[in-house]
Amino acid sequence: MQAPSVGGVMLPRGNGQSVRLSRGASLTDFAEKINANPASLVAVMMNLGEMVTATQSVSDETLKLLADEMNYILEIVSPEEEDRELLESFDIEFGEDEGGEEFLVARPPVVTVMGHVDHGKTRLLDAIRKTNVVAGEAGGITQHIGAYQVTTEVNEEERKITFIDTPGHEAFTAMRARGAKSTDIAILVVAANDGVMPQTIEALNHAKAADVPIVVAVNKIDVEGADPTKVRGQLTEFGLVAEEYGGDTMFVDISAKQGLNIESLLEAVVLTADASLDLRANPEQDAQGIAIESHLDKGRGAVATVLVQRGTLRVGDTMVVGDAYGRVRAMLDDKGENVEEAGPSTPVLVLGLTNVPGAGDNFLVVDEDRTARQIAEKRAARERNVRFARKGVRFSLENLDEALKAGLVQELNLIIKGDASGSVEALESSLLQLDVGDEVDIRVLHRGVGAVTESDINLATGSDAIVIGFNVRAAGRAAQMADREGVDVRYYSVIYQAIEEIEAALKGMLKPEYEEVELGTAEIREIFRSSKLGNIAGVLVRSGEVKRNTKARLLRDGKVIAENLNISGLRRFKDDVTEIREGFEGGINLGNFNDIKIDDVIATYEMREKPRG
């Protein structure tokens with residue numbers, strides 16, 4: 001068979017040789033590997049009916065098409081492998097304890113609590129750390145993950161246990177799986193009145209896949225209809241045999257609500273760790289570990305909760321977390337107190353990073369700022385190339401069905417922004433798993449933490465993507481820009497609503513009847529206390545107009561703090577008024593809602609019937 005010829009120039013034929021390329025590589029990258037002129041590869045692609053420039057990032061499919069034509073075997077390097085090679089080029093070994101046995105010291109076990117939704121995982125964590133997480137969660141589902149450490153006494157010896165707080169709803173499968181991977185032991189919570197449920201089995205499978213020992217907490221033993229023996233019998237079918245039945249799994253009957261047997265559960269975790277695991281690490285080496293959660297803080301910049309897995313992290317260390325880097329300015333423990341260092345199995349909040357890393361990103365400490373910057377920049381460039389390799393056509397969820405039928409589009413491009421990286425990653429994972437047949441692919445072009453920005457709208461405009469804001473809103477002029485460019489921006493506060501709506505759109509079932517129309521925004525400048533009416537916000541109306549008896553939401557640092565509020569009172573000086581226009585000051589009463597702060601923004605809106613096209 002002849003080698004391909006372009007303009008009389010013979011191109012090298014592969015004869016079945018392998019070419020290793022990373023995701024999002026360009027034709028220039030390919031040309032370098034096979035010693036060819038990039039322009040000639042552009043010509044080959046034109047002959048194949050594909051218009052591609054030499055430096056453009058292209059998809060895996062396009063690279064494979066070219067490789068087949070040139071008789072090369074294409075190997076796409078996995079991100080993990082690429083990252084390992086990148087670190088090796090800097091003489092860094094990740095995931096290994098340095099030195100021999102004499103350097104290893106015992107460390108606390110890291111525990112993840114898993115189980116079916118509503119079986120009491122969050123309440124159990126509350127009982128363990130004596131704080132209430134449930135109240136602030138939309139839909140009653142834990143949306144973010146963090147980590148904290150507790151102390152218990154076993155055989156008259158104080159022992160520490162680190163908990164990773166992973167969300168429980170099935171939509172957070174990805175986060176739960178990641179929680180298990182960074183975990184030594186899993187606590188499986190099963191309600192004594194409900195027994196084993198679908199998500200119980202799902203959580204169990206994650207723990208088994210990660211090869212971690214399991215301690216079963218049989219919760220709600222104080223509830224009517226509770227049958228702990230039945231739970232033991234059901235779990236036997238899945239290979240978890242209780243110690244009292246001759247197995248090696250510890251079962252502890254508890255009531256998270258009453259605080260019953262919590263100490264026994266912690267003791268069971270320590271005993272299981274001692275019996276099944278050799279939990280040791282070298283505390284003397286440079287720190288390495290995993291980012292559990294991260295977000296943008298208005299006063300402190302990018303902050304990340306990290307779990308140190310080996311070594312000791314100290315204030316002043318230079319660290320790389322995913323594509324973020326920086327010098328550790330300060331570290332806070334789970335009680336919010338400053339700490340100078342954190343050893344193996346210790347979770348800390350780190351300040352000083354350049355940007356927000358992703359939940360689940362590995363972190364490592366390096367000697368020089370320059371090395372950290374180079375690693376982070378190479379990782380960021382790799383992510384960018386992968387993103388640019390994806391293309392699409394602009395539309396909204398409403399006209400998606402028509403676009404599909406007309407053959408205008410074969411994929412749905414999404415940009416996801418949220419208030420925390422764990423939620424964003426979970427939402428992305430859930431959407432990518434939607435089963436909508438072969439007609440359409442879902443691609444996430446970009447995901448990030450923080451408000452929807454003008455740069456997000458620009459990306460959506462250029463790639464015809466739909467923007468999803470999860471617990472965040474559009475910042476500044478981004479909303480007007482989206483309106484002007486016709487970009488579809490969707491806001492959600494509960495994750496499964498986003499999943500249901502996009503699935504409905506993909507299946508052509510979305511029938512919009514009402515749309516939200518923003519009326520105006522007001523910035524809180526003063527807060528007045530009234531014994532009769534509660535807190536009254538002294539505001540300056542920034543845009544549009546604020547009307548009495550309309551719906552409102554409260555934004556703090558670009559994040560939605562409260563939804564479904566009502567403008568129950570409006571005043572200008574001493575007069576009650578029906579509306580306050582842009583540029584004027586006035587007083588707003590939000591009824592029974594009093595949790596307002598200076599600089600908060602009150603955004604008012606009304607639901608209007610949307611004309612059917």
Side-chain angles (χ1 to χ4, degrees), residues 135-138 143-144 295-303 336 417-420 449-454 456-457 469-483 489 491-494 516-607:
E137 299 291 358
Q143 308 266 3
H144 307 155
H295 65 276
L296 261 180
D297 185 288
K298 189 178 180 184
R300 300 185 288 196
V303 296
K417 294 299 287 284
D419 56 343
V449 176
V452 177
T453 62
E454 289 172 64
D456 296 323
I457 303 300
F470 184 68
N471 271 339
V472 295
R473 310 290 296 181
R477 293 191 297 272
Q480 292 138 311
M481 188 176 171
D483 204 36
V489 183
Y491 299 116
Y492 302 98
S493 60
V494 177
E516 181 182 304
V517 177
E518 190 170 291
L519 299 175
T521 58
E523 182 182 328
I524 299 179
R525 294 291 190 80
E526 288 284 339
I527 297 172
F528 306 99
R529 321 279 178 195
S530 159
S531 55
K532 186 177 169 188
L533 299 171
N535 287 349
I536 295 167
V539 301
L540 171 65
V541 178
R542 285 284 189 198
S543 65
E545 58 188 12
V546 176
K547 294 182 177 179
R548 192 193 297 170
N549 295 329
T550 53
K551 290 283 181 195
R553 60 173 59 87
L554 189 73
L555 307 177
R556 187 169 297 156
D557 303 339
K559 293 181 185 177
V560 179
I561 299 298
E563 283 271 10
N564 257 341
L565 304 175
N566 199 42
I567 306 285
S568 55
L570 269 188
R571 302 198 86 167
R572 284 268 299 141
F573 303 110
K574 292 189 177 177
D575 302 324
D576 283 326
V577 292
T578 55
E579 65 181 41
I580 304 174
R581 294 183 177 277
E582 182 175 337
F584 289 95
E585 294 182 333
I588 295 179
N589 176 239
L590 295 173
N592 295 327
F593 185 82
N594 288 310
D595 179 20
I596 56 176
K597 291 185 180 176
I598 290 172
D599 290 338
D600 283 359
V601 173
I602 298 169
T604 67
Y605 60 93
E606 64 183 18
M607 306 303 290

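Positions are given from 1 along the sequence.
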To check you understand the geometry: which heavy-atom pair defines the closest contact between [X] and [Y], and what is its length?
{"X": "I596", "Y": "A537", "value": "CD1-CB, 3.8 Å"}
{"X": "M481", "Y": "I457", "value": "CG-CG2, 3.9 Å"}
{"X": "V449", "Y": "A420", "value": "CG2-C, 3.9 Å"}
{"X": "G583", "Y": "L540", "value": "O-CD1, 3.6 Å"}
{"X": "G469", "Y": "V452", "value": "CA-CG2, 4.4 Å"}
{"X": "G538", "Y": "F528", "value": "CA-CE1, 3.8 Å"}

Residues in side-chain hydrogen bond (donor to acceptor under 3.5 Å, both in side chains) contact with [X], at least two apart in sequence or another chain:
{"X": "T550", "result": "none"}
{"X": "E523", "result": "R542"}
{"X": "R477", "result": "none"}

Problem - Donor-acceptor under 3.5 Å (E582 side chain, G544 main chain) - result: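 Pair found, side chain donor or acceptor close to backbone of G544.
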
Problem - Any donor-acceptor pair under 3.5 Å from K417 side chain to A451 backbone - result: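 Yes; at least one donor-acceptor contact below 3.5 Å.
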
Exercise for the section: Check whether more than 12 heavy atoms from other residues, nucleotides or ligands sit under 6.0 Å from atom CZ of F584, and answer yes or no. Expected result: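 Count not over threshold, so no.
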
Look up atom [atom1] in [X] and atom [atom2] in [Y], then write down how far apart they are to the nearest 0.5 Å.
{"X": "E526", "Y": "I598", "atom1": "CD", "atom2": "CD1", "value": "5.5 Å"}
{"X": "Y605", "Y": "K551", "atom1": "OH", "atom2": "NZ", "value": "6.5 Å"}
{"X": "N566", "Y": "T604", "atom1": "CG", "atom2": "OG1", "value": "11.0 Å"}
{"X": "L533", "Y": "R571", "atom1": "CG", "atom2": "CZ", "value": "8.0 Å"}
{"X": "I561", "Y": "K597", "atom1": "CD1", "atom2": "NZ", "value": "8.0 Å"}

Do [X] and [Y] touch side chain to side chain, with heavy atoms closer than 4.5 Å?
{"X": "I588", "Y": "I524", "value": "no"}
{"X": "I580", "Y": "R572", "value": "yes"}
{"X": "L554", "Y": "V601", "value": "no"}
{"X": "N549", "Y": "I567", "value": "no"}
{"X": "D419", "Y": "H295", "value": "no"}

Practice task
Could you list all the side chain to side chain donor-acceptor pair (under 3.5 Å) pairs where at least one residue sits in residues 529-539, not counting sequence neighbours?
Solution key: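 For residues 529-539, and leaving out neighbouring residues, the side chain to side chain donor-acceptor pair (under 3.5 Å) pairs sorted by first residue read R529-N535.
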
Exercise for the section: Hey, could you give me each pair passing side chain to side chain donor-acceptor pair (under 3.5 Å) that has a residue in residues 555-564? Not counting sequence neighbours. Expected result: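 Passing the test, one end in residues 555-564: R553-E563, R556-D600.
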
Problem - Partner of L570 under side-chain contact (heavy atoms from CB on, under 4.5 Å), chosen from T578, N589, V546, D576 - result: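 Exactly one candidate clears the test, V546.
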
Handout entry: Test salt bridge (charged side-chain N to carboxylate O under 4.0 Å, His left out) applied to E606 - qualifying residues, sequence neighbours left out
Key =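 Counting only residues at least two positions away or on another chain, E606 forms a salt bridge (charged side-chain N to carboxylate O under 4.0 Å, His left out) with R608.
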
